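Note sheet for the following structure.
In this text the structure is predicted, and so the values were computed from the model without any measurement. To find a chain, count down the sequence lines: A is the first, B the second, and so on, and within it residues start at 1.
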Number of protein chains: 2
Amino acid sequence: MSARTSPENARDIPEATVARLPVYLRALVTLSEQGTATCSSEELAVAAGVNSAKLRKDLSYLGSYGTRGVGYDVDYLRYQIAREIGVTQDWPVVIVGIGNLGQALANYSGFRSRGFRVVALLDADPARHDQVVAGIEVRPFDHLERIVHDHAVAIGVIATPAVAAQDVADRMVACGITSILNFAPTVLTVPAEVDVRKVDLSIELQILAYHEQRKGAVTA
Amino acid sequence: MSARTSPENARDIPEATVARLPVYLRALVTLSEQGTATCSSEELAVAAGVNSAKLRKDLSYLGSYGTRGVGYDVDYLRYQIAREIGVTQDWPVVIVGIGNLGQALANYSGFRSRGFRVVALLDADPARHDQVVAGIEVRPFDHLERIVHDHAVAIGVIATPAVAAQDVADRMVACGITSILNFAPTVLTVPAEVDVRKVDLSIELQILAYHEQRKGAVTA
DNA sequence: AGAAGTTTGTGAACAGGAGAACAAACCGGA
DNA sequence: TCCGGTTTGTTCTCCTGTTCACAAACTTCT
Ligand SMILES: NC(=O)c1ccc[n+]([C@@H]2O[C@H](COP(=O)([O-])OP(=O)(O)OC[C@H]3O[C@@H](n4cnc5c(N)ncnc54)[C@H](O)[C@@H]3O)[C@@H](O)[C@H]2O)c1
Ligand SMILES: NC(=O)c1ccc[n+]([C@@H]2O[C@H](COP(=O)([O-])OP(=O)(O)OC[C@H]3O[C@@H](n4cnc5c(N)ncnc54)[C@H](O)[C@@H]3O)[C@@H](O)[C@H]2O)c1
């Protein structure tokens with residue numbers, strides 16, 4: 001039933017490219033705010049911190065939005081990338097687990113400006129209910145189904161302790177959420193049609209530590 | 001000291017493998033806490049959410065720590081991976097920018113238990129000084145040099161607004177920090193010998209949005 | 001001791017991504 | 001209109017990472 005596999009529509013963009021498009025978008029927004037109307041692949045590549053050949057190849061998956069001999073129209077390209085990613089309209093998001101991290105996330109203004117709208121903050125602890133964080137009331141976790149249904153929420157954020165994360169994910173999946181961003185340091189098991197991305201600080205620090213250790217091992 | 005480039009010592013572990021070692025380590029810690037003494041590559045692979053062939057190949061870069069027909073000794077493998085990553089001793093870390101996110105990070109107990117020790121919290125805003133977060137006093141950003149020197153800090157975390165991030169990174173590099181974890185949504189420019197890793201929520205959400213949009217594209 | 005069963009470690013095929021290089025396309029000036 | 005300069009879009013090659021498949025090595029049972 002899906003048009004995902006239809007021949008005309010199925011410009012399959014490589015995962016590595018998808019992961020860089022938001023970076024290009026951010027760079028274009030900055031350029032636009034600085035009043036730059038046009039930029040070359042080289043300029044944009046520097047702003048995004050990538051190789052210009054890679055940038056051009058990435059953009060070529062979206063179509064031919066540049067002009068040879070000239071470069072790219074900043075606002076036009078910005079719109080095209082935003083459209084491709086799907087952030088020309090806002091996506092409703094629920095955050096579950098309003099502790100240290102959940103509160104920081106709720107207060108983060110970057111969500112709103114980048115295509116996402118926090119529609120609810122949920123927590124299992126009654127002591128947190130009716131508390132207001134970033135202008136949004138914290139509500140019982142049991143309200144999940146109703147909220148997801150009422151706001152057509154597709155994306156959920158998990159900021160609970162690791163032990164609770166799988167349960168929260170199961171509940172999210174059961175009520176129709178199909179994309180999850182997980183901050184808890186645990187592997188989530190979900191059906192194949194559900195996308196999960198994880199953010200794990202400790203892993204990032206450990207990767208740095210590995211390289212740091214190697215740096216230390218120098219020949220006298 | 002020992003040579004990074006020496007033939008015997010230079011077991012070059014692929015980046016993709018390095019990024020997964022912390023996941024294996026976490027899974028092993030969990031297994032160990034559950035009282036499991038031994039596990040097969042298949043069991044560990046499930047716990048880590050990866051393919052068992054990939055897991056075995058990854059581990060083979062470290063050496064032969066398993067026993068054919070039996071599997072791996074959980075505690076022994078755990079130690080070997082921790083040693084390889086370099087988290088058998090604690091790494092001192094400084095966090096700069098003690099706002100919403102910086103405070104959440106400072107309060108995060110997972111740092112300590114995974115090989116890192118927060119030795120200082122720094123902020124440019126005088127209003128935040130002498131405030132105590134997670135039992136640590138917030139100090140002026142100017143104290144960076146002294147702290148880095150006194151505690152031999154190699155790893156810095158940036159949780160300031162994007163506009164300040166490059167300046168903070170420059171100061172960090174100038175006083176000897178060689179690994180940076182950046183939460184600000186901006187591209188940092190640093191010398192080649194400095195490692196930078198970034199964590200960007202908005203990018204993760206946008207990647208989810210891209211796939212979500214494609215899921216939505218159903219025929220009738 | 002030998003056979004049957006299990007699981008690791010790894011060679012080899014395969015897939016995907018990165019970067020160099022260049023033809024095609026565009027601009028501006030004469 | 002033609003020419004030189006510029007920049008894109010794309011092809012080709014190389015490299016890294018993934019997965020399969022299986023011999024080697026170990027355990028257990030008879
Ligand atoms: N704080 C950080 O900087 C940080 C960094 C990296 C990872 N993490 C991870 O993020 C998660 C949250 O960290 P934190 O520091 O905010 O923890 P926290 O303890 O401050 O907050 C967790 C919140 O989740 C709520 N909760 C618990 N079980 C729940 C459930 N079943 N349903 C709904 N809500 C539930 C709790 O009531 C609490 O409010 C943890 O898994 C932690 O490992 C945090
Ligand atoms: N809050 C989140 O959940 C979240 C999520 C993703 C990304 N981020 C990013 O993390 C960063 C911090 O976010 P936040 O919500 O904590 O912001 P914040 O404004 O609450 O905190 C920023 C802190 O940095 C300090 N600061 C500013 N300039 C400084 C400088 N030059 N040196 C030292 N300290 C300085 C400020 O005094 C403030 O305390 C931002 O770049 C934000 O985009 C935050």
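Each of A:Asn51 and B:Arg56 lies near DNA chain C, and the nucleotide nearest B:Arg56 is the one positioned closer to the 5' end. Position along DNA chain C of the nearest nucleotide to A:Glu15 versus B:Ser60 favours B:Ser60 as the more 5'-ward residue.
When atom types are taken as modelled, the side chain of A:Glu43 and the backbone of A:Ser40 share a donor-acceptor pair closer than 3.5 angstrom.
Side-chain atoms of A:Lys57 and base atoms of C:dG19 include a donor and an acceptor less than 3.5 Å apart.
Distances shorter than 4.0 Å separate some side-chain N or O of A:Ser41 from OP1 or OP2 on D:dT8. Regarding contacts with the backbone of D:dT8, every side-chain N or O of A:Thr67 stays at 4.0 angstrom or more from both OP1 and OP2. Side-chain nitrogen and oxygen atoms of B:Arg68 include none within less than 4.0 Å of the OP1 or OP2 phosphate oxygen of C:dG5. Close to D:dG9, at under 4.0 Å from its OP1 or OP2, lies a side-chain N or O of A:Ser64. The phosphate of D:dT7 has neither OP1 nor OP2 within less than 4.0 Å of any side-chain N or O from A:Tyr65.
Across the protein-nucleic acid pair, A:Leu55 atom CG and C:dG17 atom C1' stand 15 Å apart, rounded to whole Å. Between B:Ile13 atom CD1 and D:dT16 atom C1' there is a gap of 15 Å when expressed in whole angstrom units. The distance between atom OH of B:Tyr61 and atom C1' of C:dG11, rounded to the nearest whole Å, is 12 Å. One can place CG of A:Leu77 at 16 Å from P of D:dT7, the figure rounded to the nearest angstrom. Separating the CG atom of B:Asp12 from the P atom of D:dT16 is a distance of 10 Å, rounded to the nearest angstrom. The separation between B:Asp58 atom CG and D:dG17 atom P is 10 Å, rounded to whole Å. Taking atom CD of residue A:Glu42 and atom P of nucleotide D:dG5, one finds them 20 Å apart after rounding to whole Å. Rounding to whole angstrom units, NZ of residue B:Lys54 and P of D:dA21 are separated by 17 Å.
Interatomic distance, OG1 of A:Thr178 versus CD of A:Glu193, reported as 8.5 Å (0.5 Å rounding). From A:Leu208, atom CG reaches atom CD1 of B:Ile85 across 12.0 Å, with rounding to the nearest 0.5 Å.
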With a 3.5 Å cut-off and sequence neighbours excluded, list the donor-acceptor pairs that the side chains of residues 29-39 of chain B form with protein atoms.
{"unit_1": "B:Thr30", "atom_1": "OG1", "unit_2": "B:Arg26", "atom_2": "O", "d": "3.1"}
{"unit_1": "B:Ser32", "atom_1": "OG", "unit_2": "B:Asp75", "atom_2": "OD1", "d": "2.8"}
{"unit_1": "B:Thr36", "atom_1": "OG1", "unit_2": "B:Leu31", "atom_2": "O", "d": "3.4"}

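With respect to A:Arg56 and A:Glu42, no salt bridge is recorded, no charged nitrogen being found less than 4.0 Å from a carboxylate O.
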